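The analysis underlying the following values was restricted to heavy atoms, covering all of them including side chains, and did not include hydrogens, waters or symmetry mates. Since this is a predicted model, take the numbers as computed values, not measurements.
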Amino acid sequence: MPPVRVIAIALSLLSACAFAQERQVVRFGFSSPLSGPQAAAGKDALNGVQMAIERLNQQNLQLDGKAIRFELLARDDKASPQEGAAVARELVAAGVRAVLGPFNSGVALSVTKIYNDAGVVSLTVASNPKVTQTALTQVFRIAASDADMGGKMGLYAARHLKLKKMAVIDDGSLYARGLIDEFERVAKMNGVQLVYKEAVGDKAEEFGAALNAIAAAKADAIFFGGYVSQAGALLRQMQQRGMAIPLLGGDALCSSTMLVQAGSALGDRTYCVQGGVWLTRVSDGAVFASAYQGKYGSMPDVYAPTFYDGVLLLWQAMKSANSPDPRVFAPVLARMRYKGVTATYEFNSRHDMTEATVTILRFKDGKLVPLSSF
């Protein structure tokens with residue numbers, strides 16, 4: 001082999017080695033329920049994160065002159081505050097720069113200080129207002145809060161559904177507490193009377209006593225603060241009693257899993273509220289939904305597009321700061337504006353979204369149908 005060619009090959013190999021040495025791994029963490037009754041929601045969110053990371057890794061991105069590659073450490077927090085805290089400590093020890101999650105308010109309230117004290121950015125969809133009320137600089141809510149979802153569902157119940165007498169069933173979770181508080185406050189301001197309220201606990205399977213009391217109180221509808229598995233049981237027992245009144249709930253009910261849990265009892269009187277604009281109503285959402293279905297064989301559920309946006313939002317902040325260090329890019333994230341799949345992300349001083357649009361939806365003919373976004 002000619003000496004010149006040998007030298008050229010050697011230089012090429014040295015260059016490749018140098019590039020490989022400069023390649024930087026940026027780790028993200030993920031925390032949501034991946035087992036138990038809420039596993040479908042957690043896996044949907046995880047799918048959104050994985051889609052975004054795959055997209056970024058296909059682009060040969062660089063920061064500060066170094067090629068980077070994103071890695072994901074996904075963990076099952078089982079919707080448990082105790083398990084979530086253990087997951088948070090594990091992810092911090094593993095050197096993650098940011099965490100997508102948690103999904104549940106109870107988990108978020110147990111872990112945000114852990115992430116914040118470690119300098120790790122947390123992007124959560126947990127809706128309880130208290131999640132962002134402690135002024136933690138590394139914590140951001142990337143979905144509507146209970147003030148938006150509960151309040152706007154209360155407004156819709158009064159002005160559009162023309163409801164006059166409401167009953168409330170509360171599963172006792174921190175998620176339900178914030179949602180119900182805001183729903184009641186706004187509904188009452190708009191002339192709705194609360195005629196019955198019952199806290200049943202998040203493990204309850206039998207709602208007969210509550211439903212009998214609701215029927216006696218002649219409620220026009222029920223607002224349920226809780227998750228899909230219990231909502232399905234509640235709807236089946238309403239059907240058994242011939243209670244043809246609407247069931248309203250929060251974003252946890254805006255899930256295709258409701259079709260499995262409730263079956264024919266779902267009917268066309270079940271309403272839910274979700275943060276953001278519904279996918280089919282925006283062009284970027286339709287593109288995302290098509291890509292998601294092509295990859296996973298089903299349509300995205302509640303928060304896949306939000307978690308997908310969260311990853312790209314983190315990248316934009318790192319890119320603008322020219323650093324993967326969360327203490328450097330977090331202040332940039334706090335003041336930037338980014339248009340995602342279903343929402344525009346911009347944060348106020350508490351790191352809540354400044355434009356928290358929500359969509360009211362109804363189940364009809366086995367599908368979620370968007371009714372109003374505001």
- Check whether the side chains of Tyr338 and Asp309 place a donor and an acceptor atom closer than 3.5 Å, and report yes or no. no
- Item | Atom pair OH/CE of Tyr271 and Met153 - distance to nearest 0.5 Å | 9.0 Å
- Query: Does a donor on one side chain and an acceptor on the other come within less than 3.5 Å for Ser173 and Asp202?
  - Reply: no
- Message: With rounding to the nearest 0.5 angstrom, report the CG to NZ distance, Leu34 to Lys78.
- Response: 10.5 Å
- Which heavy atom of Asp44 sits nearest a heavy atom of Ala304, and at what distance? OD2-N, 3.0 Å
- Got a sec, which pairs hit disulfide bond (SG atoms under 2.5 Å apart) with one end in residues 228-319, sequence neighbours left out? Cys254-Cys272
- Message: Please find the pair of heavy atoms, one from Asp146 and one from Tyr175, that lie closest to each other, and give the distance.
- Response: OD2-O, 3.8 Å
- Task: Could you tell me which non-hydrogen atom of Ala252 sits nearest to which non-hydrogen atom of Val228, and how far apart they are?
- Result: O-CG2, 3.1 Å
- Query: Is the shortest distance from a Lys or Arg side-chain nitrogen in Lys339 or Glu355 to a carboxylate oxygen in the other one below 4.0 Å?
  - Reply: no
- Item | Ser255 versus Leu368, closest heavy-atom pair with distance | N-CD1, 4.0 Å
- Hey, can you tell me if Phe307 and Tyr303 have their rings parallel, tilted or perpendicular (30° and 60° cut-offs)? perpendicular
- Side chains of Ser35 and Asp76, donor plus acceptor under 3.5 Å: yes
- Glu198 side-chain N/O to Ala210 backbone N/O, donor-acceptor pair under 3.5 Å: no
- Check the side chains of Asn348 and Thr354 for a donor-acceptor pair under 3.5 angstrom, ignoring hydrogens and angles. no
- Kindly say whether Met149 contributes a backbone atom to a donor-acceptor pair with the side chain of Glu182 at under 3.5 angstrom? no
- Message: So does Val87 get a backbone contact from the side chain of Arg75, meaning a donor-acceptor N/O pair under 3.5 Å?
- Response: no
List, one per line, each side-chain donor-acceptor pair under 3.5 Å for residues 273-286, sequence neighbours excluded.
unit_1	atom_1	unit_2	atom_2	d
Gln274	NE2	Val302	O	2.9
Arg281	NH2	Pro370	O	3.0

- Glu205, CD atom: more than 12 neighbouring heavy atoms under 6.0 Å: no
- Message: Has Gln59 got a side-chain atom pairing as donor or acceptor with Arg55's backbone, closer than 3.5 angstrom?
- Response: yes
- Task: Of all the heavy-atom pairs spanning Val111 and Ala85, show the shortest one and how long it is.
- Result: CG1-N, 3.6 Å
- Starting from the C-alpha separation in whole Å, work towards a yes-or-no answer on side chain to side chain contact (heavy atoms under 4.5 Å, CB included) for Ile245 and Met238. CA-CA 9 Å; Ile245 60 174; Met238 288 172 64; 3.9 Å; yes
- Note on the structure: In short, Gly95 meets Arg27 closest at the heavy-atom pair O-CB, 4.3 Å
- Can you measure from OG1 (Thr124) to NE2 (His351) and round to the nearest 0.5 angstrom? 14.0 Å
- Would you give the length of the straight line joining atom CZ of Arg141 to atom OG of Ser105, rounded to the nearest 0.5 angstrom? 7.5 Å
- Report yes or no: do Asn128 and Arg177 form a side-chain donor-acceptor pair below 3.5 Å? no
- Arg159 atom CZ, neighbour heavy-atom count above 12 within 6.0 Å: no
- Query: Side chains of Asn104 and Tyr227: is there a donor and an acceptor less than 3.5 Å apart?
  - Reply: yes
- Verify the cluster assignment for Leu312 and Phe70: are they in a single hydrophobic cluster under the rule of side-chain heavy atoms below 4.5 Å apart? yes
- Query: Just checking, any donor-acceptor pair under 3.5 angstrom between side chains of Gln24 and Asp64?
  - Reply: no
- Quick one: CZ on Phe329 to CG on Leu313, what's the gap to the nearest 0.5 Å? 9.5 Å
- Item | Interatomic distance, Leu46 atom CG to Ser32 atom OG [nearest 0.5 angstrom] | 8.0 Å
- Salt bridge flag under 4.0 Å for residues Arg327 and Asp325: no
